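My questions all concern the structure below.
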Amino acid sequence: MVQSAELLVLLRLFGSLWAQPTVVVNLNLRPEERWKPLQEAFEIDLMRKAAGALIDSQIPKWVHHAAVPIVMSLEKYVPQPYAGEIRGIASLMKIKLADVVILNFAYEFTAYCTSIVAQDKKGNIYHGRNFDYPHPVLRNLTMNVAFFKNGKLAYFGTSFAGYIGIWTGMSPYKFTVSGNQRETKLRSNWWKNVMSAVFFHNFPVSWLVRVTLEEAKDFEDAVVRLSTTPIITGVYYIVGGVRAGEGFVITRERKGPADIWPLEPLNGGWYRVQTNFDHWLPPPAKENRRSVISHDDDASVMDMAKKKLNAVGQNHMSKDKLYQVLSLPLVCNGNTIYTTLMSATNPREYATIVRPKGCPKKIN
């Protein structure tokens with residue numbers, strides 16, 4: 001088991017990571033017991049009420065009925081250790097197992113986000129993301145999660161109480177990763193897609209992030225896993241490494257990659273920006289957060305972004321400058337739950353900022 005003295009030493013190593021409520025998950029415990037520390041960081045009654053509000057506002061009623069066969073034979077459809085972890089959370093929260101299953105799948109399809117990976121002139125890789133979700137209750141459930149194995153910190157990330165997946169995470173000194181929802185025509189039937197996909201034992205997109213953080217040996221291994229492992233729906237995986245040039249945006253379909261978009265700093269491509277639409281297509285009129293950074297579609301917004309990026313430049317790229325870009329209007333908006341900044345070469349600089357009132361209208 002992880003000893004408390006060891007935890008205190010390790011927690012001191014990671015500076016701003018611990019600004020938010022932190023839950024320590026011991027992977028050596030039985031899956032049903034791993035998430036018990038949630039009760040030390042959150043009020044269980046708050047978690048129950050939040051789960052109810054999210055389910056009532058986001059989930060079609062028929063999904064409860066569709067989830068019954070999954071719940072009745074959970075281990076048949078949901079792989080371990082996740083089936084056990086879901087059972088443990090349901091027991092901890094004292095709510096129906098079906099509600100925890102549904103809640104975990106709900107997050108898989110509503111993550112409207114902005115992710116940026118960038119390289120400075122010295123070859124340092126910076127990775128930032130805004131996580132957007134159309135329900136403010138998540139601001140009260142945001143947490144950092146440290147996963148320990150054999151007494152050592154294996155990986156960590158940012159997530160929500162009651163959710164076992166990871167959309168934002170870091171394997172120290174190896175790689176960083178964030179996931180963004182991908183808008184496609186198939187998403188209009190997304191609950192039907194997830195129910196049918198589960199029967200084929202494909203990974204939910206955030207569970208693949210977690211498996212990759214735990215098992216990938218290095219940046220290249222992570223890119224291969226995130227590119228090729230079958231998943232339940234399309235997504236964008238944004239990955240940053242520890243060496244110059246180690247940055248990719250992976251556009252995923254269920255069975256494999258639709259596109260892999262690398263950093264190309266020698267050709268001027270020292271950053272990549274991804275929201276929820278394919279980068280090689282013009283953004284729809286309703287979606288112009290990505291155009292804030294890299295397109296001329298909206299002149300006034302683009303002028304603001306150009307002024308900011310020109311003032312920064314690759315020579316002066318830093319965590320603070322990346323935060324300023326992620327705080328620009330439209331990039332950051334009323335649905336932004338949190339902003340995370342990370343660099344795998346410097347795990348201590350991992351920082352998550354919950355946006356309790358959305359985002360500022362202008363940068364100071």
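Since the structure is predicted, the reported quantities are computational estimates derived from the model, not experimental observations. Along the sequence shown, residues are numbered consecutively beginning with 1. Hydrogens, waters and symmetry mates are skipped; everything else that's a heavy atom, side chains included, is used.
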Closest non-hydrogen atom pair, L326 against C332: O-CB, 3.1 Å

Spacing of CG belonging to L213 relative to CG belonging to L226, to within rounding of 0.5 Å: 8.0 Å

Y237 side chain to T212 side chain, donor-acceptor N/O pair below 3.5 angstrom: no

I337 CD1 to N335 CG distance, which is reported to the nearest 0.5 Å: 7.0 Å

Residue pair P257 / S227: nearest heavy atoms and the distance that separates them: CD-O, 3.0 Å

Under 3.5 Å donor-acceptor, D120 side chain and K122 backbone: yes

Same apolar cluster (I L V M F W Y, side chains within < 4.5 Å links), Y126/V242: no

Test item: R272 and H279 side chains (from C-beta on) under 4.5 Å apart, heavy atoms: no

Closest contact, heavy atoms only, V117 versus G240: CG2-CA, 4.1 Å

For the student: nearest non-hydrogen atoms of S206 and G165, plus distance: OG-CA, 3.4 Å

pair L29-K36: side-chain heavy atoms closer than 4.5 Å: no

Stepwise side-chain contact (heavy atoms from CB on, under 4.5 Å) test for Y155 and V209: CA-CA 11 Å; Y155 60 98; V209 171; over 6 Å; no

Given Y236, F219, W261, the one that forms ring-ring contact (aromatic ring centres under 6.0 Å, His included) with F248: F219

Sub-4.5 Å side-chain heavy-atom contact between T251 and W280: yes

Side chain to side chain donor-acceptor pair (under 3.5 Å) involving S343 - partner list, sequence neighbours excluded: T345

Verdict with reasoning, L341 to E349, per side-chain contact (heavy atoms from CB on, under 4.5 Å): CA-CA 8 Å; L341 305 162; E349 292 299 311; over 6 Å; no

Under 3.5 Å: donor-acceptor pair, side chain of R48, backbone of M93: yes

Stepwise side-chain contact (heavy atoms from CB on, under 4.5 Å) check, Y350 with T168: CA-CA 11 Å; Y350 188 106; T168 309; 3.9 Å; yes

Main-chain N/O of I164 paired to N104 side chain as donor or acceptor, under 3.5 Å: yes

Working for side-chain contact (heavy atoms from CB on, under 4.5 Å), residues F175 and D218: CA-CA 7 Å; F175 62 91; D218 52 29; over 6 Å; no

N/O donor-acceptor pair under 3.5 Å between R254 side chain and P230 backbone: no

Any side-chain heavy-atom pair of Y82 and P204 under 4.5 Å: no

Any donor-acceptor N/O pair, E253 side chain to A258 backbone, under 3.5 Å: no

Check: T340 main-chain N/O paired with R129 side-chain donor or acceptor under 3.5 Å: no

Pairwise side-chain contact, W167 with C113, heavy-atom cut-off 4.5 Å (strictly under): no

Close side-chain approach of I166 to F147, heavy-atom, < 4.5 Å: yes

E246 and K174 ion-paired at < 4.0 Å: no

Pair R355, T336: side-chain N/O donor-acceptor within cut-off below 3.5 Å: no

side-chain hydrogen bond (donor to acceptor under 3.5 Å, both in side chains) partner of R182, the single match among N276, D278, T275: D278

Nearest-0.5 Å distance, CD of residue Q324 to OG of residue S318: 7.5 Å

Test item: N28 side-chain N/O and N150 main-chain N/O as donor-acceptor pair under 3.5 Å: yes

Distance, nearest 0.5 Å, that separates CG of N144 from OG1 of T22: 5.0 Å

Contact summary for G162 and I89, nearest pair of heavy atoms: O-CD1, 3.9 Å

Backbone of Q274 reached by a side-chain donor or acceptor of N180 within 3.5 Å: yes

Sidechain-backbone polar pair: R252 side chain, G234 backbone, donor-acceptor under 3.5 Å: no

Residue among Y133, F131, F42 satisfying ring-ring contact (aromatic ring centres under 6.0 Å, His included) with F160: F131

Check: G88 main-chain N/O paired with E33 side-chain donor or acceptor under 3.5 Å: no

Pairs satisfying salt bridge (Lys or Arg N to Asp or Glu O under 4.0 Å), at least one member in residues 326-340, at least two apart: none

Flag if over 12 foreign heavy atoms under 6.0 Å of CD, E215: yes

Validation row: I238, H127 side chains within 4.5 angstrom (heavy atoms): yes

Side-chain donor-acceptor pair present, T352, T158, cut-off under 3.5 Å: yes

Atom of A118, atom of M317 and distance for their closest heavy-atom approach: CB-CE, 4.1 Å

Heavy-atom side-chain proximity of L328 to V325 below 4.5 angstrom: yes

Spacing of L92 atom CG and M47 atom CE [to the nearest 0.5 Å]: 6.0 Å

Distance in Å, Y338 OH paired with D132 CG, rounded so as to fall on 0.5 Å steps: 10.0 Å

Crowding at CD, Q39 (>12 non-hydrogen neighbours, <6.0 Å): yes

